[in-house]
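Below, each value reflects all heavy atoms present in this structure, side chains not excepted, and no hydrogens, waters or symmetry copies. By convention in this document, chain letters (A, B, ...) are assigned in the order of the sequence lines, proteins followed by strands, and residues within each chain are numbered from 1.
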Amino acid sequence: MTRNAESLKVVFVGHVDHGKSTLIGRILHDTESLPEGKIDQIKQACAAEGMEFEFAFVLDALLEEQEQNVTIDTTQIPFRTSRRRYAIIDAPGHKEFLKNMITGASNADAAVLVIAASEGVREQSRRHAYLLTLLGIKQVIVVVNKMDLVDFSEQRFQEIKTEYQKFLVDLDLTARCFVPASAKSGENVAHKSEALRWYHGPTVLEALDATEPTASLVDLPFRFCVQDVYRFDERRIIAGRIETGTLRAGDELIFSPANKSSKVQTIERWNTEKNGVAIAGDSIGITLTEQIFVERGYVASHQTETPIETNRFRADLFWIAREPLRVGAPYTVRLATQDVKCQVVSIEQVMDSSTLEIKIDKYEQLDRNEVGRLTIQTRAPLVLDNHDRIANLGRFALVDDGEIRGGGTIFGGIYTDRTVAKSKNISWTGGKITPGQRALQTGHRGAVVWFTGLSGAGKSTIAQALERELFSRAMNTYVLDGDNIRHGLNSNLGFSPEDRVENIRRVSEVAKLMADSGVVVITAFISPYLMDRRRAREIALEGNAEFVEVFVEAPLEVCEARDPKNLYKKARAGEIRDFTGIDAPYEPPEDPEIIVQTDRQTVDESVATILEHLLPRLKADSADE
Amino acid sequence: MTESPRTHLDQLENQSIFIFREAYHSFKNIAMPWSMGKDSNVLIWLALKSFFGKIPFPVLHIDTTYEFPEMLEFREWATAHYQLKLIVKINEEARARGIGYETHDPVTVTHELKTVALQQALAEYKWDALITGIRRDEDPTRAKERYFSPRNAQFEWDYKDQPPEFWGQFAATTTKGEHVRVQPLLDWTEVDIWRYIQRENIPIPQMYFARNGQRFRSLGCSPITKPITSNATTIDEIVTELESTRTSERAGRAQDHHERNAMQKLRAKGFL
């Protein structure tokens, strides 16, 4: 049974030279986890460098590390006890390596914090404990190492324990136990120590064996984060990972932030007998009974336990980039598979992560290795949970220029408040604003989405539903239709063939300008002539705007039966002349980018089809290429 | 009714699939080097799982021209069986110059016929990400890898200044000329690989199983890959053997041991 049991990830932290690497080397040695000849090989290497052999060198496999005699990066090393298997994460003790410490420790289930008895509690002993709380690691074993250097003194051990416990209380962290040990001589690591017989608690390995993996994610509310939507064959499979909870085929799901719901038809896995159930941690696919639009970043939940949806939240954030984080500057939040533009609205508190000292009067920026409590505003709604409720949906990376610059945990999520608009403007350097710069600010490119189809085919209805969808994604969008064009700009035009041509020409020019200003313009006109639509496309392309032709298709009988404005009746009765489809021709598009068939698809399905093809074309990063 | 807890292998599989899908989303132009070795075949299997039976990017075999014939037979079989988009790359230029094990040392030959061949393929196909099958437990220099590990245009790995990687967020961007090594098997051990091959019944070349008291534990070029003494003819026997041995996996691979820190030097130059 234990052979396949899950492994426990343990991060080793502590002040530099307090003996983390030695302790790890000792554990690997005493659990017989090293390849044969490894120790001899390292002894030879030490002799070649003229150094005394140390267990720490087991880890320092890279040549340069041996030269510098410091650990430079995180490693992950397996070992096992009779109880279970472990993965050791070694995190460096130098303060400039916060980045690597975070990388290593972010996955850990438990931590071993090493304090040298000879030196006592030092700067990094405190700092690392603080970072463990920031990362949400609650199971901590404190090893008071180098007891051989203080004559195995119980009094010294108690002093350190008392001092450090007092500090941990302030962090709201409780150590599982304090273990006196000597990694160098192997006292109290794998074996009980004669020299420490005054101590009756567990050895380091016994203490590790007594820890439990982090609270079960299966018991939390269901969250499924969409990674991608695949159509490699006739199936549309929504691929992603269950972060928490349990999913069964037939469950009714809500997808945030769109708030569309559908039942799960199947749970998809390749080459596995399907049992219709999936749990936290599973990388699966699902198919839905309804053809709702779903894309990467959506979070599915059960209807009774939905996540928070907000564009403003508070977080504790660590910053690891050379360039400081600045209030008002644009960043991107990556939370699970969501990717949303944001800015920091305010910094409420700044703390130096090494001294844990609160900086007074510092509210405009966060420097490298500082931790801040701040408020973030996103451009589009973000789906999240508070970190203390569902950690996987309550933590995020902050990205600038495609690189991870910091990370944070969310607390006290505030619900949407759109009245608090962007408080700081982003100023661009001089010169003409390029489409790429506009796209960078809005998060999408401008475009002309040109609907064509018979009267009654559903152009206006779908255009408005599409506009609403884009708007809810915080995109700049606008519908041009007969109502807002015919009554103003084109009020001097009638329905003669010449006037129709002029009508469409003016719409094309207006659409181009709006697209150039960064708007996704949706035009909803019958636009029956191929020639006119070709010109609209050329005009748009002249202005470097994306042009997407959408054929809103429905048979004439269907449109005539719908006849929402009684126009077909009037045309049949001869009250209107030159009516498209009755006594004027409609030339269907030859090669439209998108076709929706409104006699077979509902409005929602049509919009889903359009979004699927349209959104990839609007990505900001494809501008300026 | 509660679902049974996931095993260690389930967790590894789930994490690897997650990484595959993140890579496929993040990069426009991906390829997956495939050596037909056991890890490589596990990688193929996990890709099939990730994309529901169809691998949506090409697999690349760097053919050193010193391949075991059995491996090439396996290559043909598997390509048809899994419907792989196979690209075969040989460093013809180095072969024309006479680079070979007959005349050169293994580090030089491996560098030319593997690493340089890979560089040539990258230059030709302009991939921005390569999915590799390396594991942390194989060699100490691999222990410090990230799941997404950027390489510069010279193929160099800046292991002193690697990007941070936490909470399932990876370094998923490249500038021109760079590529990212995506490493879904990083957390797997040699025994995990075998247990998984056994559980999933994954086809692998028969050379891993003992014949006449010998078997291959790791497979590379035929002139420099030595079998180990073994009677293990089943996966169970292999696992039992591995659990009692403390010899390192790549001990039979000559290029690693040609000189002190040979692996370190090969990797700094871009070896997988």
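For A/Phe232, the parts lying under 4.5 angstrom from a heavy atom of chain B are both the backbone and the side chain. Residue B/Phe51 touches chain A through both its backbone and its side chain, counting heavy-atom pairs closer than 4.5 Å. Contact annotation for A/Ala336: only backbone heavy atoms (N, CA, C, O) come within less than 4.5 Å of a heavy atom of chain B. Both the backbone and the side chain of A/Arg334 come within contact range of chain B, with heavy atoms under 4.5 Å apart. No part of A/Arg405 comes within reach of chain B, as not one of its non-hydrogen atoms sits under 4.5 angstrom from that chain. For a residue to count as touching a neighbouring chain, one of its non-hydrogen atoms must lie under 4.5 Å from one of that chain's; by this rule A/Ile320 touches chain B with the side chain only. Heavy atoms of B/Ser50 lying under 4.5 Å from chain A belong exclusively to its backbone. Of the two parts of B/Asp192, only the side chain, counted from C-beta on, holds a non-hydrogen atom closer than 4.5 Å to a non-hydrogen atom of chain A.
In this structure, A/Asp401 contributes its side chain and A/Glu403 its backbone to no donor-acceptor pair below 3.5 Å. Judged by distance alone, the side chain of A/Glu243 and the main-chain N or O of A/Leu393 form no donor-acceptor pair under 3.5 Å.
The shortest side-chain heavy-atom distance between A/Asp339 and A/Thr332 falls under the 4.5 Å cut-off. Taking 4.5 Å as the limit, every side-chain heavy atom of A/Cys225 sits out of range of all side-chain heavy atoms of A/Arg241.
With chain B as partner, the option from A/Ala239, A/Ala280, A/Gly407, A/Ser283 having the largest number of non-hydrogen pairs under 4.5 angstrom is A/Ser283. In terms of heavy-atom pairs under 4.5 Å with chain B, the best-connected choice from A/Asn392, A/Leu335, A/Ile284 is A/Ile284.
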Practice prompt. Please lay out, stage by stage, how B/Arg199 and B/Thr7 fare under the test side-chain contact (heavy atoms from CB on, under 4.5 Å).
Written response: CA-CA 12 Å; B/Arg199 185 183 95 172; B/Thr7 63; 3.9 Å; yes

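Here the closest non-hydrogen pair linking A/Phe224 and A/Ile238 is CZ-O, 3.8 Å.
Between B/Glu13 and B/Tyr196, the side chains place a donor N or O and an acceptor N or O closer than 3.5 Å (distance only, hydrogens not considered).
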